[in-house]
Amino acid sequence: MFGWLGWQGFMAPFDKFHDECGVFGIYGHDSASAHAALGLHALQHRGQEGAGIVSYDGKQFYNERSLGLVGDHFNDEKIIAQLKGRSAIGHVRYATTGGTTLRNVQPLFAEFDFGGLAIAHNGNLTNATALKRELVGRGAIFQSTTDTESIIHLIATAREPRSMVPPATADPSTVLRIIEALKQVIGTYSLVALTQHFLLGARDPYGVRPLVLGKLDGALILASETCALDILGATFVRDIEPGEIVIIDQNGLKSLKPFLAVPSKFCVFEYVYFARPDSQVEGTNVYHTRQRIGAELAREQPADADVIVPVPDSGTPAAIGFAQAAGIPFELGIIRNHYVGRTFIEPAAQIRHLGVKLKHNANRATLEGKRVVLVDDSIVRGTTSIKIVDMVRNAGAKEVHMRVASPPTTNSCFYGVDTPKRSDLLASSRSIEQMRQHIGVDSLAFISLDGLYRATGLPGRDAKQPQFCDACFSSEYPIQLTDFNSGTEPSQLSLLAERG
Ligand code: SF4
């Protein structure tokens with residue numbers, strides 16, 4: 001029997017980038033934990049390995065964490081009832097190799113001299129290994145392998161910076177210690193933290209990962225994406241700004257900007273794939289942005305064809321945009337089985353060749369005798385693309401062309417995304433013509449980086465100062481890769497310090 005990870009490996013060995021986490025926080029609501037569970041359910045696409053909620057009722061903290069999906073564990077009224085209090089934070093986490101253990105499921109909780117603190121983090125600290133070595137050298141004992149735990153140890157040893165005026169918030173001393181700890185980390189974080197006095201939200205100075213503020217019945221909410229607000233009927237207030245720390249306490253919200261200002265570098269892949277299409281990201285609806293990416297792709301890389309077919313589900317909005325711009329009919333030529341999941345019992349060895357067909361099936365009625373353009377959001381390893389193309393040809397397509405709604409993915413991500421080694425990325429070592437032959441399509445083309453920027457509403461990519469992080473396409477990493485540059489490979493990093 002395969003375990004869950006084994007089953008994923010059998011299905012499609014990691015052929016997408018995967019965002020690794022989603023965070024949620026709520027302060028001042030009678031149903032704080034129930035809302036946290038619902039919010040995490042809406043953020044499930046950001047992480048499926050484990051989920052956790054920590055709440056506080058004015059006297060003590062309550063902590064519940066579990067492996068698996070939010071709905072597998074937090075659908076139990078008794079569990080929600082045990083998570084007492086009017087404030088709570090939660091986390092969903094994506095599975096990384098070698099790390100499917102409960103001890104890595106967040107929020108992490110620790111007792112300090114100032115009381116308890118729970119923390120949930122989306123992102124990746126690029127100096128996590130260096131920090132961990134230093135902290136362990138100073139006597140720290142780590143209980144998890146997540147990079148987030150380094151922040152906890154840094155808070156424990158931080159002293160209030162004398163240069164900073166204490167903020168007008170509840171427990172300013174603890175706020176200052178958290179700021180002091182965050183000043184020592186390099187990398188990406190959108191995090192929420194809960195103490196007995198406040199809910200804190202923080203976004204790294206580059207603002208690589210998203211974090212939004214919402215409001216419900218007078219309570220304030222922090223979440224990775226607006227879809228977590230929509231499920232609750234909460235109002236979207238604004239994005240938390242890059243480098244901003246918000247403290248939410250009984251007096252309302254206080255915003256701090258304690259870091260040196262740097263140009264923001266939001267992850268452009270959030271628009272391409274990670275964020276849910278119904279979310280508002282950095283002021284833009286993700287679905288509409290994906291449609292515009294498809295339209296831009298059609299203008300840049302037209303194809304003579306009879307039908308435009310999305311690779312579901314992530315290629316669908318771009319395929320709609322492509323079809324509209326090209327004036328070619330959009331058809332659902334591939335149907336996805338939504339019920340293939342972690343509870344599926346793997347078939348016997350003799351029928352394992354079913355492979356990708358368990359998840360996708362070609363719709364022969366829309367493909368036979370047609371010149372087909374397949375639109376996908378990205379090509380990572382290319383393993384799924386080969387199988388999809390094969391399936392479409394077997395369904396009788398006359399020609400199969402592929403158009404990709406992101407530039408060739410040539411580099412790994414170190415900023416909070418589960419990513420294969422660079423050498424496993426199809427585009428890292430092959431020309432587009434070599435990729436075309438490998439995948440087996442009649443033509444293959446990608447949107448340009450400039451075109452991707454235009455689809456987000458910008459005039460193009462500023463070559464001197466790119467407006468987004470686009471390192472997995474451009475190899476221009478905007479944030480220092482301390483651990484990697486010291487010679488530690490990403491696979492080793494994940495064992496030493498997993499990403500939050
Ligand atoms: Fe996003 Fe940058 Fe990571 Fe690519 S390298 S996935 S653009 S954060």
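Residue indices begin at 1 and follow the sequence shown. Order of appearance sets the numbers: ligands from 1, and atoms from 1 within every ligand.
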Which of the ligand 1 atoms, numbered from 1, are nearer than 4.0 Å to a heavy atom of [X]:
X      : answer
Val208 : 8 (S)
Cys267 : 1 (Fe), 6 (S), 7 (S), 8 (S)
Arg209 : 8 (S)

Passing candidate, side-chain contact (heavy atoms from CB on, under 4.5 Å) with Ile293, options Val375, Thr456, Ile447: Ile447
Aromatic ring pairing Phe269/Phe274, orientation class (parallel under 30°, perpendicular over 60°, tilted between): parallel
Pi-cation contact, Phe468 with Lys265 (under 6.0 Å, within 45°): no
Atom 3 (Fe) of ligand 1 to nearest N/O/S of Cys413 below 2.8 Å: yes
For atom 7 (S) of ligand 1, the protein heavy atom that lies nearest, with its residue and separation: Cys469 O, 3.0 Å
Identity and separation of the nearest protein heavy atom to atom 5 (S) of ligand 1: Cys472 N, 3.5 Å
Arg461 and Ser474, any side-chain heavy atoms less than 4.5 Å apart: yes
Any side-chain heavy-atom pair of Phe24 and Val92 under 4.5 Å: no
